[in-house]
Asks: 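Before anything else, here's the structure in question.
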There are 2 protein chains.
Amino acid sequence: MKIAENTINRLIVYKKELNRLATDGLSNVYSHKLAHLSGFPSHLVRRDLMNVGYNGSPAHGYNVTELEKCIADFLCTPESVRVILVGVGNLGRAILDYCQQQNPKISIVAAFDKDKNKVNKVYHSIYTFHIDSVKNYIKENNIDVAIITVPAAEAQEIASALVESGIKGIVNFTPVRLQVPAEVYIENLDMMLGLEKVVYFVNGD
Amino acid sequence: MKIAENTINRLIVYKKELNRLATDGLSNVYSHKLAHLSGFPSHLVRRDLMNVGYNGSPAHGYNVTELEKCIADFLCTPESVRVILVGVGNLGRAILDYCQQQNPKISIVAAFDKDKNKVNKVYHSIYTFHIDSVKNYIKENNIDVAIITVPAAEAQEIASALVESGIKGIVNFTPVRLQVPAEVYIENLDMMLGLEKVVYFVNGD
DNA sequence: TTTGAGTTGTGAAAATTATCACAATGTGAG
DNA sequence: CTCACATTGTGATAATTTTCACAACTCAAA
């Protein structure tokens, strides 16, 4: 069954909130509470959970840990995912740091840059290689996902190289709309776009 | 007329691509080309442009600079927007830097942190104030939009304080779902969520 | 002038997504 | 046991969003 992208977004949010509830020691939760925590209406929560195929109880709602696991299974979250990052600028280094504090299942295993002053250095405990070695690295280590944080002018060239080496998904932090084959999944995380959207909704209507 | 959030996203993308076309010296563009550049189908481009009320010519397509201005007007993009940033960690500093390289109409005018070692310092030419002064700053300078890059544990407390002071829109880089009144617009830019989504679409289907 | 190629703008249809409303269910108190 | 209550799961409905298809238009060339 095909699931809408928005549904996936929400499921990821539910999963995170469930995880937090679990660490808080709660064992069950009602759709209303999950709705309140995640910011979506409760009937959407229930509808989304229909998709993952987990059944709650009318009396106790959902079992927190079971539902979390069920969503994780549904999202096919593998036990560990290895990701690379290209572009060790301010933003790239911040992401190297940030990622380690979050989901331990997803880890950045290598960074790449063209600047010789950065190559062979370690940032936030991630080793930086020269960009020329990225193709080999991807192939030898079977990497599927890359994060791009290079300057806008280099983004397309880098993306093409990554795709050529077999990358299947890219988190794109540059403002450039990357041109890649349809089977490569691109998640654009343009911070400026986010800011502009907020400005629109605050100003306009 | 009410415009869907996705439409707003696309319009912002069109605007950026148009800007790039303009600097490249092109004077007009067809919906197909704009579609290719932005990654959306051409009939969606035309449908979206219907909303902003700009009319192209069947022979020459759209005038690049006029359309760009028209979209900007539609999005109510003010001549200049002043934004503050709360949380001068690695990510916060990277954003301070990144923002200045992009849209010159939107500028971060002040940063805030609770760490005394950061207060009164200047990062990427933005002055850092103590977090205790943020409420006054917002009121005195009439700030509408804030960027939150504090640790997850402090996010909600900060958000509540900002809202109390009159903030109308927040770009939230923390993984926390902020609880705010409905009239405050929140844009969640959770990098981990983006990564997880890519992992899902790469792995699963 | 007339024809033809290529594009826009848009009504209408299709597909998708969200909302509603309520039957079915499980629980605990009396 | 039975009843009242609160919640889930879901068919049906409504709303939204996208896609299709083509008439209307512009220009250039013959």
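Reminder, nothing fancy here: chain letters follow the sequence lines and each chain counts from 1.
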Asks: Which atom names give the shortest non-hydrogen contact between A:Tyr30 and A:Ala59, and what distance separates them?
Replies: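 Distance-wise, the nearest heavy atoms are OH-O, 3.0 Å.
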Asks: From the list D:dT8, D:dT18, C:dT8, which nucleotide is the closest neighbour of the side chain of B:Leu44?
Replies: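 Selected nucleotide (nearest to the side chain): D:dT18.
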Asks: Is A:Glu17 paired with A:Arg20 through a side-chain N to carboxylate O contact shorter than 4.0 Å?
Replies: yes
Asks: Summarise how protein sits on nucleotides 10-16 of chain C as a single string, 5' to 3': B when a protein heavy atom is under 4.0 Å from the base, S for sugar-phosphate-only contact, - for no contact.
Replies: BBB----
Asks: Atom CZ of A:Arg10 to atom P of C:dT17: distance rounded to whole Å?
Replies: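 My rounded result for the distance is 9 Å.
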Asks: Within this structure, what is the CZ-to-C1' distance between A:Phe40 and C:dC20, rounded to whole angstrom?
Replies: 20 Å
Asks: Nearest-Å distance, CD (B:Glu5) to P (D:dT17)?
Replies: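 It works out to 10 Å between those atoms.
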Asks: Which word best sums up how the rings of A:Tyr14 and A:Phe40 line up, parallel for under 30°, tilted for 30 to 60°, or perpendicular for over 60°?
Replies: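 The rings of A:Tyr14 and A:Phe40 stand perpendicular, inter-plane angle above 60°.
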Asks: Is it true that B:Asp190 and A:Lys16 have a side-chain N and a carboxylate O under 4.0 angstrom from each other?
Replies: yes
Asks: C:dT8 C1' sits how many Å from B:Lys33 NZ, rounded?
Replies: 18 Å
Asks: Salt bridge or not between A:Asp97 and A:Arg93? Use side-chain N to carboxylate O under 4.0 Å.
Replies: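 Salt bridge flag = no for A:Arg93 with A:Asp97.
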Asks: In terms of side-chain heavy atoms, does B:Ser31 have a donor or acceptor partner in B:Arg46 at a distance below 3.5 Å?
Replies: yes
Asks: Between atom CD1 in A:Ile3 and atom P in C:dT17, what is the gap in whole Å?
Replies: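 The answer, rounded to whole Å, is 9 Å.
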Asks: Whole-Å distance between D:dG9 P and A:Tyr54 OH?
Replies: 9 Å
Asks: Under a 4.0 Å N-O cut-off, is there an ion pair linking B:Asp144 with B:Arg82?
Replies: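 Here B:Asp144 does not pair with B:Arg82 in a salt bridge, since their nearest N and O are not under 4.0 Å apart.
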Asks: Under 3.5 Å, is there a donor-acceptor pair between the B:Tyr98 and A:Asn90 side chains?
Replies: no
Asks: Starting from C1' on C:dA18, measure out to CG on A:Leu49 and report it in whole angstrom.
Replies: 15 Å
Asks: Look at all strands and tell whether B:Ser31 reaches a base, only sugar-phosphate, or nothing, counting heavy atoms closer than 4.0 Å.
Replies: sugar-phosphate
Asks: Grab the two heavy atoms, one from A:Phe112 and one from A:Ile131, that are nearest each other, plus how far apart they are.
Replies: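 Looking at all heavy atoms of both residues, the shortest contact is CB-CD1, 4.1 Å.
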Asks: Within residues 56-69 of chain A, find the residues that approach DNA chain C with a heavy atom at under 4.0 Å, and present them sorted by residue number.
Replies: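 Going residue by residue through residues 56-69 of chain A, the ones with a heavy atom under 4.0 Å of DNA chain C turn out to be A:Pro58, A:Ala59, A:His60.
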Asks: Return yes if a side-chain donor-acceptor contact under 3.5 Å exists between A:Ser160 and A:Glu164, otherwise no.
Replies: no
Asks: Compute the bend angle of the helix from C:dT1-D:dA30 to C:dG30-D:dC1 from the end axes (five pairs per end), rounded to 10°.
Replies: 0°
Asks: Check this for me: does any side-chain nitrogen of one of A:Lys15 and A:Glu68 sit under 4.0 Å from a carboxylate oxygen of the other?
Replies: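 Judged by the 4.0 Å cut-off on N to carboxylate O distance, A:Lys15 and A:Glu68 do not form a salt bridge.
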